[in-house]
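Order of the sequence lines sets the chain letters (A, B, ...), proteins ahead of strands, with each chain counted from 1. Note that the structure is a prediction, hence the values are computed from the model and not measured.
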4 protein chains.
Amino acid sequence: MYSKFLNLDSEKQDRIVNAAMKEFAQKGYDLASTNQIVKEAGISKGLLFHYFKNKKQLYLFLFDYCYSMIVGEFYHKVDLSEKDFFKRTSEAIMIKMELMTSYPDLFKFMEEALLEESLEVKAELEKKRKEFIDINMEKFFEGIDYTKFRDDVNLPIMLKIITFTFEKLSDETLFKAKLAPGHEINYEEVRLEAEEYLKVLKRSFYK
Amino acid sequence: MYSKFLNLDSEKQDRIVNAAMKEFAQKGYDLASTNQIVKEAGISKGLLFHYFKNKKQLYLFLFDYCYSMIVGEFYHKVDLSEKDFFKRTSEAIMIKMELMTSYPDLFKFMEEALLEESLEVKAELEKKRKEFIDINMEKFFEGIDYTKFRDDVNLPIMLKIITFTFEKLSDETLFKAKLAPGHEINYEEVRLEAEEYLKVLKRSFYK
Amino acid sequence: MYSKFLNLDSEKQDRIVNAAMKEFAQKGYDLASTNQIVKEAGISKGLLFHYFKNKKQLYLFLFDYCYSMIVGEFYHKVDLSEKDFFKRTSEAIMIKMELMTSYPDLFKFMEEALLEESLEVKAELEKKRKEFIDINMEKFFEGIDYTKFRDDVNLPIMLKIITFTFEKLSDETLFKAKLAPGHEINYEEVRLEAEEYLKVLKRSFYK
Amino acid sequence: MYSKFLNLDSEKQDRIVNAAMKEFAQKGYDLASTNQIVKEAGISKGLLFHYFKNKKQLYLFLFDYCYSMIVGEFYHKVDLSEKDFFKRTSEAIMIKMELMTSYPDLFKFMEEALLEESLEVKAELEKKRKEFIDINMEKFFEGIDYTKFRDDVNLPIMLKIITFTFEKLSDETLFKAKLAPGHEINYEEVRLEAEEYLKVLKRSFYK
DNA sequence: TATGAATGAGCTTTCATTCAT
DNA sequence: TATGAATGAAAGCTCATTCAT
């Protein structure tokens, strides 16, 4: 499918992928300009369409590309032998934040892609999103020891609340980093804050 | 700022506001067409730009307009003498749902606006969103009886977790609605789900 | 349908019509460039699409416009009280040649339109062509005195042969004129040549 | 000129010729895509332009190629010892129809080429058409017995009328075929129609 | 001989916005 | 206050042709 593109020397591949990710992440599917992409990548108009038959195929290729990168890196780092839900979640959030710092464009693109509304790609994306979520949910929750949770309330809802909490916390951290001058994240501080939340959630949700 | 527009007879104001809300809600900021808005409102191209100097001003006006409507109606209905946090939250959710049923276009527009990513308006919207949340948080938490919460964990963190939970829940609802074919929200289902969360949080966080 | 365009001052209308006719006649539907048309007409890109919603509508408008002009002028000049088929045909060919000399672009466009193959306009044109031919055949043959023709051969075929002959003669004349330096037609010479053909056909096909 | 191409093994030559004929016949000169031709022929882009320096040369080569094929086959079959003009004409029509049935793509291409209007090739084609007609006229009229024609009218004009008639008839046939959905010519019907014309012309123009 | 990556001008159409009336 | 004609930049994509390998 994308064999022509994948046979390119990887330096040019990177230039194209990065230019496209940046443009799509910034403007969304519909408003992203293939003109801008080729200018940024330093290639000709025709060449982009030689590799990807149209804007849509380019976008969907990028989605798959980013997805593989993220998932690969993530599961390479996460410790699935940790059975405690709080600890695993907390660790996952930290890893996610590290990855976002290492590959900011890639994550930016992925986040926007998950919100993308354009009719042109909505149907295809939806399928991919579903797969993404199903596969990763299952994988992430694998081996968790649920017996530690209190029995008098709904377990799935507790799990959701915990997930929500750490996601919001991560959002807040990244948002603050964005506003700060050097965009620097103080990971130690973040870890300490997360510990506070962990303590509250554990005392409230564990037996 | 918008005095010229506000001096119009209200029937024409309504036609314009409704046409614009509908177009922006359906297509998002960037893809919304001022052509379509004037056609739907039955006014001339020039007139729209006479009242609002450009597309952006029109959009931001609509945001403020909807915001005022919603907040005004909301605090008119909510009972701030209710001291129990969970009861007040539960009631607030009910009121929000009533309003969504009464003013569907207005909420539709507002929901899209809160997810709007267009660079052109993102910065201004972000400021407005923040204000919106800060002002309402403070107001909403006024007079709450915090003595009912358990003493062995950090209170502000519990409140944050609760807030995070309902924000995420609301995001999820909007997101699901966006993905669903008709973009329809089943309010009763939402209310029931919220009650489940409330129950878990109450049992876990109250003494 | 084309009311916006028809309300323009006629000088601008003419500029647009002439530019479009020229471009379509020269290059055919598919290859005609709206860029070229607006440049030649001295108007902006957007304006053309303000008057005609797309290239196709512009083309079909031109077809109707040319058709009306040609048919109107033709029947204004042709003498339908002449009952002799040879004389009427001969006269008609002369009138056609005069008109072609007066309105060369219009005829050029019409000829090309009748051969136009582009899928985009083929269906609509076909309907118009059929109407055009049916209406004009009937009108042109009206009142002819067929009793003068010999009875031992097929009449419709004789009529066709006569029509073919004068059409080819006219084609040859116009083609020669095109090749000649001043593009001038010597009508007297043409008339004399036509008379020679008339003589042969009359002696062979009349009783 | 095309020596490089003609030295190719004939299987590849055929693949290229057939692919090109098909594409040009289907879409006309301007819209035919060299991309499509190389894909269909299974050769690379560069190779096509190695053999034929550009699209135009390829087209004109095809015209000559088809012309030679057709003319060669035609005079191989036609009986030039038949002195009667109408019999020879009638036989020629039969042979043409046989050839059209044996080499449908070749004729399809040729028919389209004779109607081709593209500016890019029009001039060259026009010259070739003229040559084609002149050469064949002379050859075709060779040895005809003109004593059978009536003496009371101008012989060259009669011959012209006959030629005009069959040319127009052929044009009409091609034109109708072009308009018809499947572009199919019913050869038997054409032959019958031609016989009718022959009958009329014979009775009118012979003594 | 053969490849296919690379070019960039060209295509139609839409857009927010201006301005003379 | 109200009109809508007018603008021209920008969009995604295709094209014949070239050229280093």
Inset, instruction - In plain terms, say whether A:Arg15 and A:Glu11 are close enough for a salt bridge, that is, a side-chain N and a carboxylate O under 4.0 Å apart. - result: yes
Inset, instruction - Taking the side chain as every heavy atom from C-beta outward, state whether C:Leu125 and C:Leu114 have any atom pair closer than 4.5 Å. - result: no
Inset, instruction - Quickly work out the A:Glu120 CD to F:dA11 C1' distance and round it to whole Å. - result: 12 Å
Inset, instruction - Go through residues 33-45 of chain D and report each residue with a non-hydrogen atom lying under 4.0 Å from DNA chain E, sorted by number. - result: D:Ser44, D:Lys45
Inset, instruction - Return the residues of residues 4-27 of chain D meeting this criterion: a heavy atom under 4.0 Å from some atom of DNA chain E. Order them by number, or give none. - result: D:Lys4, D:Leu8, D:Lys12
Inset, instruction - Write down the atom of B:Glu40, the atom of B:Ala19, and the distance for their closest heavy-atom approach. - result: CG-CB, 3.5 Å
Legend entry - Partner residues of D:Gln13 under the side-chain hydrogen bond (donor to acceptor under 3.5 Å, both in side chains) criterion, sequence neighbours left out: none
Inset, instruction - For C:Leu48 and for A:Lys53, find the nucleotide of DNA chain F with the closest heavy atom, then tell me which residue's nucleotide is more 5'. - result: C:Leu48
Inset, instruction - Can you tell me which stems DNA chain E forms, taking runs of 3 or more consecutive Watson-Crick or G-U pairs with both distances under 3.5 Å? - result: E:2-21 with F:2-21
Legend entry - Value in whole Å for how far the C1' atom of E:dT17 lies from CG of B:Leu58: 13 Å
Inset, instruction - Provide the closest heavy-atom pair for B:Val17 versus B:Phe5 in the form atom of the first, atom of the second, distance. - result: CG2-CZ, 3.9 Å
Legend entry - B:Lys22, NZ atom: more than 12 neighbouring heavy atoms under 6.0 Å: no
Inset, instruction - Would you kindly give the OH-to-P distance between B:Tyr51 and E:dT18, to the nearest whole Å? - result: 17 Å
Inset, instruction - Would you mind checking if B:Glu131 and B:Lys127 are paired as a salt bridge, meaning a charged N to carboxylate O distance below 4.0 Å? - result: no
Legend entry - N-O pairing of B:Glu112 and B:Lys108 below 4.0 Å: yes
Legend entry - Candidates F:dA2, E:dT17, F:dT14 - which lies nearest the side chain of A:Phe49: F:dT14
Please tabulate, for side-chain N and O atoms in residues 61-69 of chain B, each donor-acceptor pair with protein atoms closer than 3.5 Å (sequence neighbours left out).
unit_1  : atom_1 : unit_2   : atom_2 : d
B:Asp64 : OD1    : B:Lys128 : NZ     : 2.9
B:Asp64 : OD2    : B:Lys128 : NZ     : 3.1
B:Ser68 : OG     : B:Asp64  : O      : 2.8

Legend entry - Shortest side-chain distance from B:Lys55, nucleotide among E:dT13, E:dT17, F:dC13: E:dT17
Inset, instruction - Using atom CG of D:Asn54 as one end and atom P of F:dT18 as the other, report the distance to the nearest whole Å. - result: 8 Å
Inset, instruction - Assess the pair C:Phe109 and C:Tyr103: is the distance between their ring centroids shorter than 6.0 Å? - result: no
Inset, instruction - Starting from C1' on F:dA11, measure out to CG on A:Leu31 and report it in whole angstrom. - result: 10 Å
Inset, instruction - Mind checking B:Phe52 for me? I need base, sugar-phosphate or nothing, with any heavy atom below 4.0 Å counting as a touch. - result: nothing
Inset, instruction - Would you indicate, yes or no, if F:dA2 has its OP1 or OP2 atom less than 4.0 angstrom from a side-chain nitrogen or oxygen of B:His50? - result: no
Inset, instruction - Round to the nearest Å and state the distance from D:Asp30 atom CG to E:dC11 atom P. - result: 13 Å
Legend entry - With sequence neighbours excluded, residues passing side chain to side chain contact (heavy atoms under 4.5 Å, CB included) with D:Ser118: D:Tyr29, D:Asp30, D:Glu116, D:Glu120, D:Val121
